[in-house]
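Throughout, residue positions are numbered sequentially from 1 according to the sequence presented. Just the heavy atoms: all of them, side chains too, but no hydrogens, waters or symmetry mates, feed the values below.
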Amino acid sequence: MTKEEDNHKENQKLTDQIADGKAIDWDSYESTTDSEILNKIKAIEQITQAFTQTILTEQSTVPGNHTRVLFKWAHLQVIEKVGEGSFGEVFKAYDSILNRAVALKLRHADMASAIGSRAFLHEARRLARVRHPNVIAVHGAAFEAGQVGIWTDLIEGKNLKEHFIEKGVITINEAHLLIKDMAQALSAVHQADLVHGDIKSSNIMRQKKGVFKLMDFGAGSELTDSGLNPTMGTPLLMAPELFNGEPISPASDLYSLGAMLYQILSGQYPFIATSAIGIKQLHQESTIVPLQKLRPELPRPLCELIHSLLSSQPHKRPTAAQVINQIAWINDAPKRKKRTWAIATVIGSL
């Protein structure tokens, strides 16, 4: 390799470090790099830093009207903490590669076994291939500084649980839209041979345009060396077969969807107990109170659809694709009624 090629390689290394946002020890290059070229590369770094600062200022406002980077993780510049749960912490971050703000979820360090972390990364990268308007976009996952993390679209606004706390049970029209959007989301996820594992109101975000978006796969799809752990999820919304140690499946996602819909339409869960053992016993010994009894104004077809999702037998629950067709049929009922009246009127006049 010639000296010119060596210099070119060294210069390329410097520009790559700048692009990745890494700090550069300029003193170590003073004696090996042409001063004129080195000054130009320094100028590039200054321009890049100024540009990054501008983007951060536009996408994140923090106290004091200036941008503050808490720390760096992989290629992400973490700006502020926005949430925390049993899985880990959620941050708002700037992705220098995508040139946009993202949500970074970092798993608790004490949860990161070598096998579990590899499985999590594998599943997260598969999920990143799912692109659907009703599913939060996963942009990447990595293991860095002893922690495994996943970064996704940053969605501003309130989740369905917050909406429920503020306004109470949702309307019939909202329920129709929610079922349609979540069935489409689960259909896309299941077609990718994935399972969400923790369908609940706090994992569903409603965007400003009214579109519901499924998010937070990290908490539900907790992984072990043998795959998805069936003990994860929210007990009050978990399918009965999971309490018997059966593996999580698309059918269990559909049960959780039905239980969540039952809760936000009636104000109570299908089964209520203070422990997982208590819930398991209720699944075995009790029946679900008819939804229409709790809220008589709900249309019978809508209640029947939700109860079909709550079947104790997984094979009797409709698939996500079948739910899409059924809710479309329910939504079309007023139009069918008008068409029937129109036909009846024409026949009567004849």
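Remark: E89 engages K81 in a salt bridge, criterion side-chain N to carboxylate O under 4.0 Å. Using a cutoff of 4.0 Å between basic side-chain nitrogens and carboxylate oxygens, E174 and R206 are scored as salt-bridged.
N203 contributes a side-chain N or O that, together with a main-chain N or O of D198, makes up a donor-acceptor pair within less than 3.5 Å. Of the possible donor and acceptor atoms, one in the side chain of S252 sits under 3.5 Å from a partner among the backbone N and O of S249. Not one N or O on the side chain of R100 forms a donor-acceptor pair closer than 3.5 Å with the backbone of I97. N331 contributes a side-chain N or O that, together with a main-chain N or O of I327, makes up a donor-acceptor pair within less than 3.5 Å. Between the side chain of R317 and the main chain of A251, a donor-acceptor pair closer than 3.5 Å is present. W73 contributes a side-chain N or O that, together with a main-chain N or O of E144, makes up a donor-acceptor pair within less than 3.5 Å. At least one donor-acceptor pair closer than 3.5 Å links the side chain of D181 to the backbone N or O of F212.
Between A259 and L310, the shortest heavy-atom contact is N-CD2, 3.3 Å. Across all their heavy atoms, R131 and V138 have their closest contact at NH2-O, 3.2 Å. Annotation for L254 and P318: closest pair CG-O, 3.4 Å, computed over non-hydrogen atoms. Residues G258 and I306 share a closest heavy-atom pair of O-CG2, 3.6 Å. Of all heavy-atom pairs spanning S256 and I199, the tightest one is CB-CB, 3.7 Å.
Using a 4.5 Å heavy-atom threshold, the side chains of Q207 and K213 count as touching. Between V82 and E80 there is a side-chain heavy-atom pair separated by less than 4.5 Å. A heavy-atom distance below 4.5 Å is not found between the side chains of S266 and R295. You'll find the side chain of N159 stays beyond 4.5 Å of the side chain of I204, heavy atoms only.
The distance from atom CG of L154 to atom NZ of K92, rounded to the nearest 0.5 Å, is 5.5 Å. Of the inter-residue distances, the one linking F91 atom CZ with L70 atom CG reads 7.5 Å to the nearest 0.5 angstrom. Rounded to the nearest 0.5 Å, atoms CD (Q77) and CG (L104) are 12.5 Å apart. The distance from the OG1 atom of T171 to the CD atom of E297 is 10.5 Å, given to the nearest 0.5 Å. Taking CG of L302 as the reference point, atom CD1 of I330 lies at 5.5 Å (rounded to 0.5 Å). Of the inter-residue distances, the one linking I170 atom CD1 with N173 atom CG reads 10.0 Å to the nearest 0.5 angstrom.
Criterion: ILVMFWY side-chain heavy atoms under 4.5 Å apart, direct or through other members. Under it, L257 and V211 are not part of a common hydrophobic cluster. L194 and I324 sit in two unconnected hydrophobic clusters of ILVMFWY residues. Membership requires side-chain heavy atoms under 4.5 Å apart, directly or through other members.
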Atom pairs and distances, donor-acceptor, side-chain atoms in residues 277-294, under 3.5 Å, two or more places apart:
residue: Q292; atom: NE2; partner: L298; partner atom: O; Å: 2.8

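A side-chain donor from one of H139 and D153 sits under 3.5 Å from a side-chain acceptor of the other. Q191 and S187 share a side-chain donor-acceptor pair at under 3.5 Å.
No more than 12 heavy atoms of other residues, nucleotides or ligands lie within 6.0 Å of CZ in R300, so this atom counts as exposed by the packing criterion. In K161, the NZ atom is not crowded: 12 or fewer heavy atoms of neighbouring residues, nucleotides or ligands sit closer than 6.0 Å.
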Just do the ring pair (Phe, Tyr, Trp, His ring centres under 6.0 Å) check on Y262 and Y255 with the steps written out, would you?
CA-CA 10 Å; Y262 186 101; Y255 180 94; over 10 Å; no
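The side chain to side chain donor-acceptor pair (under 3.5 Å) search around D253 returns H190, not counting sequence neighbours.
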